[in-house]
Amino acid sequence: MAKSQLTKTRVITDKVAVKGMLSDDGTVITYTDENKIEQDITIAECLKVFAGKPIDFSVSIKSEDELPEEDDE
């Protein structure tokens, strides 16, 4: 029997996002809050709501460089 090409699914995603600087020991993130004040949060605190559940963990580093200006020669 062929599988239907129509599926109906509801996906609910719980997500925590923090942009900041990871400490040298990899346990604390320093970030700037909405009042422009630096705050620290532990990785354990970020992941606390996911304890005992299957997760999809992702970390990325973004870098940005200016492109050299082109000569009009």
Side-chain angles (χ1 to χ4, degrees):
M1 182 172 239
K3 184 178 177 182
S4 173
Q5 296 297 310
L6 172 64
T7 58
K8 296 180 180 182
T9 325
R10 176 178 294 168
V11 176
I12 299 171
T13 302
D14 293 325
K15 179 179 177 181
V16 171
V18 180
K19 290 183 181 182
M21 179 65 70
L22 184 62
S23 64
D24 289 338
D25 65 1
T27 62
V28 175
I29 300 170
T30 301
Y31 67 96
T32 303
D33 70 12
E34 63 276 359
N35 297 316
K36 308 281 190 223
I37 298 171
E38 280 196 353
Q39 302 285 335
D40 290 338
I41 188 166
T42 65
I43 299 297
E45 186 64 30
C46 289
L47 298 177
K48 190 175 186 177
V49 297
F50 304 106
K53 299 175 185 168
I55 64 168
D56 181 0
F57 185 79
S58 174
V59 175
S60 63
I61 297 173
K62 180 179 177 181
S63 62
E64 193 172 302
D65 295 320
E66 287 189 27
L67 296 175
E69 293 185 28
E70 293 184 23
D71 292 334
D72 291 334
E73 295 179 26

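Just the heavy atoms: all of them, side chains too, but no hydrogens, waters or symmetry mates, feed the values below.
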Apply side-chain contact (heavy atoms from CB on, under 4.5 Å) to the pair I43 and I29, showing each step before the final yes or no.
-> CA-CA 7 Å; I43 299 297; I29 300 170; 3.6 Å; yes
Distance col, row T32:OG1 vs E38:CD, nearest 0.5 angstrom, shows 5.0 Å
Output yes when a side-chain donor or acceptor of N35 lies under 3.5 Å from a complementary backbone atom of I37, and no otherwise.
-> no
Would you be so kind as to tabulate the donor-acceptor pairs closer than 3.5 Å made by side chains of residues 60-67, with sequence neighbours excluded?
none

Pairs under 3.5 angstrom only: tabulate donor-acceptor contacts from the side chains of residues 12-19 to other protein residues two or more places apart or in another chain.
none

From L22 atom CG to T27 atom OG1, the distance as rounded to the nearest 0.5 Å | 7.5 Å
Going by atom type alone, with no hydrogens or angles, which donor-acceptor pairs under 3.5 Å involve a side-chain atom of residues 46-57 and a protein atom two or more places apart or on another chain?
{"unit_1": "K53", "atom_1": "NZ", "unit_2": "V49", "atom_2": "O", "d": "3.4"}

